[in-house]
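Here the structure is a predicted model, which is why all the values come from computation and not from measurement. Position 1 is the first residue of the sequence; numbering continues from there.
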Amino acid sequence: MKAIKLTLVPVMLCFFTMGFVDMVGIASNYVKADLGINDATANMFPSLVFFWFFLFSVPTGMLMNKIGKKRTVLLSLLVTIVSLTLPLFGEPFGLMLVTFSLLGIGNTLMQTSLNPLVSVVIKGNLAATLTFGQFVKAIASFLAPYIAMWGAMGALPSFGYDWRVLFPIYMIIGMAAAFLSVTSIPEDEETGKASSLADSVKLLGKPIVLLSFIGIMCHVGVDVGTNTTAPKILMERLGWTLNDAAFATSLYFIFRTVGCLTGSFFLRVMKARTFFVISVSMMALSMVGMFVGTNQTLLYAAIALVGYGNSNVFSIVFSQALLSVPESKNEVSGLMIMGLFGGTVFPLLMGFASDAVGQVGAVAVMAVGVAYLFTYVNKVKQ
């Protein structure tokens, strides 16, 4: 038991590092302001980050079969640290594209390998354990807008980096997570022949795997969409500046953090299906609030609702898929993380919709994803 607790420390630091990817929401808003680009162009940054999930998730599952889960996580840390180093040299459009591309690749490697690694370290309630990991991840997510805002406003020493001081701070934490390299984690021996790309994709022929894949796409689409769009809604409806509206992103992640923390408890004492219905219902109420809200209280309430509601969707859907095909955990994990490609599709559609009709168009795109999650309810086992 003591060995497990010691092992969990670097593993949870890796979950914190996993949360670095969520900085792309507030970062894209600052890059938009600095470079004077429109919504559709600015939304390329979150879309680009999550585009790599589509390309590399399944190959990462195959890579895990060859080098193991722990080594794959360590590789992800290396790529992530490199990505956080680049903005120290400036903020040109091309450099930021490379930065967020590497951040996406590193996060793809990590999300694909870290979740199965947890299933090796902890035996028992996988959904609750993954939810606690998401709680740790959410801490990094909600701190990012604050650090960027404090740097932009000079509230903390930025060493000339302005809002970009966020990158070196998170780079140092990423280096600390590399403590995982000296941690002993006995992994399961892989049996049978190594899987091919075709073998992995064939698993989408199983209904629960395919439906879970789409569910993950919708979850991440709403997550990245809210992360990016919440400040824009406040700026459009209330006439706020970006520094004032940046709190909206932190508010979202604060309630995601609370949701993950309490969700790890509720998933132990409540049926997963019941909690899933409650969560998605909160998200639906949020969509209504963001669509019609014109005052601070209602908009903050809507952002809080989607933050809490969306906090446990990933863990529930991911665990349903993972447990449905236990003999192919690595491949299923790769497919589920490939579903994070929803973070590419949704922001692109939301950018075009918001440029056309305002932020209500962006909210309407997210609402489609929430509607799908209601159809997934019957797939959640009691």
To the nearest 0.5 Å, tell me how far [X] [atom1] sits from [Y] [atom2].
| X | Y | atom1 | atom2 | answer |
| --- | --- | --- | --- | --- |
| I147 | I26 | CD1 | CD1 | 12.0 Å |
| M96 | D34 | CE | CG | 9.0 Å |
| H219 | L373 | NE2 | CG | 9.0 Å |
| F20 | M171 | CZ | CE | 10.5 Å |
| L86 | L95 | CG | CG | 5.5 Å |
| L204 | L210 | CG | CG | 6.0 Å |

Any link between [X] and [Y] through a network of hydrophobic side chains (Ile, Leu, Val, Met, Phe, Trp, Tyr) touching at under 4.5 Å?
| X | Y | result |
| --- | --- | --- |
| I173 | W163 | yes |
| I172 | M12 | no |
| V357 | V363 | yes |
| V370 | V377 | yes |
| L348 | V220 | no |

Can you check whether [Y]'s main-chain N or O pairs, donor with acceptor, with [X]'s side chain at less than 3.5 Å?
| X | Y | result |
| --- | --- | --- |
| T85 | I81 | yes |
| N310 | M283 | no |
| T344 | F51 | yes |
| S354 | Q359 | no |
| T229 | T226 | no |
| T17 | L13 | yes |

State, without any angle test, whether N312 and S315 hold a side-chain donor-acceptor pair at a distance under 3.5 Å.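 No, no side-chain donor-acceptor pair sits under 3.5 Å.
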Between T262 and Y308: side-chain donor-acceptor atoms closer than 3.5 Å: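 Y308 and T262 do have a side-chain donor-acceptor pair below 3.5 Å.
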Does some side-chain heavy atom of [Y] sit less than 4.5 Å from a side-chain heavy atom of [X]?
| X | Y | value |
| --- | --- | --- |
| P168 | L88 | yes |
| L340 | Q111 | yes |
| L77 | L74 | yes |
| F318 | M336 | yes |
| Y252 | L305 | no |
| T228 | P347 | no |
| F167 | M23 | yes |
| V224 | M366 | no |

Quick one: which residue pairs count as a salt bridge (Lys or Arg N to Asp or Glu O under 4.0 Å) with a foot in [range], not counting sequence neighbours?
| range | value |
| --- | --- |
| residues 136-145 | D22-K137 |
| residues 249-267 | D223-R256 |
| residues 292-312 | none |

Which atom pair, heavy atoms only, marks the closest approach of [X] to [Y]?
| X | Y | result |
| --- | --- | --- |
| T108 | G104 | OG1-O, 2.7 Å |
| A148 | L166 | CB-CD2, 4.4 Å |
| A245 | P231 | CB-O, 3.5 Å |
| F374 | A284 | CE1-CB, 3.8 Å |
| I208 | S324 | CG2-OG, 3.5 Å |
| L117 | K70 | CD1-N, 4.1 Å |

Can you tell me which residue pairs pass the ring pair (Phe, Tyr, Trp, His ring centres under 6.0 Å) test with a partner in residues 55-112, sequence neighbours excluded?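 Listed once each, the pairs are F45-F93, F45-F100, W52-F56.
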Residues N107, T80; criterion side-chain contact (heavy atoms from CB on, under 4.5 Å); working and verdict: CA-CA 7 Å; N107 209 260; T80 299; 5.7 Å; no
With sequence neighbours excluded, residues passing side-chain hydrogen bond (donor to acceptor under 3.5 Å, both in side chains) with [X]:
| X | result |
| --- | --- |
| Y170 | none |
| K232 | D39, N43 |
| Q320 | none |
| Y376 | S212 |

Atom pairs and distances, side-chain donor-acceptor, residues 285-303, under 3.5 Å, sequence neighbours left out:
unit_1 : atom_1 : unit_2 : atom_2 : d
S286   : OG     : A302   : O      : 2.6
N295   : OD1    : T297   : N      : 3.2
N295   : OD1    : L298   : N      : 2.9

Test side-chain contact (heavy atoms from CB on, under 4.5 Å) on N227 and F253 and set out the steps. CA-CA 8 Å; N227 182 4; F253 285 116; 3.6 Å; yes
For residues F54 and F341, establish whether the separation of their ring centroids is below 6.0 Å.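 Ring centres of F341 and F54 closer than 6.0 Å.
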Check the pair Y372, I214 against side-chain contact (heavy atoms from CB on, under 4.5 Å), reporting the backbone distance first and the verdict last. CA-CA 8 Å; Y372 173 81; I214 298 173; 3.5 Å; yes
Are there over 12 heavy-atom neighbours, none belonging to F275, within less than 6.0 Å of that residue's CZ?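 Yes, CZ of F275 has more than 12 neighbouring heavy atoms, counting only those of other groups under 6.0 Å.
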Under the rule for side chain to side chain contact (heavy atoms under 4.5 Å, CB included), what residues qualify as partners of [X], not counting sequence neighbours?
| X | value |
| --- | --- |
| L78 | none |
| S76 | V73, L109, M110 |
| I139 | F16, F135, F142, L143, T257 |

Go through it in stages, so that I can follow the logic: the residues are L267 and I316, the test is side-chain contact (heavy atoms from CB on, under 4.5 Å), and I'd like the CA-CA distance, side-chain angles, deciding distance and then a yes or no. CA-CA 9 Å; L267 284 169; I316 294 173; 4.0 Å; yes
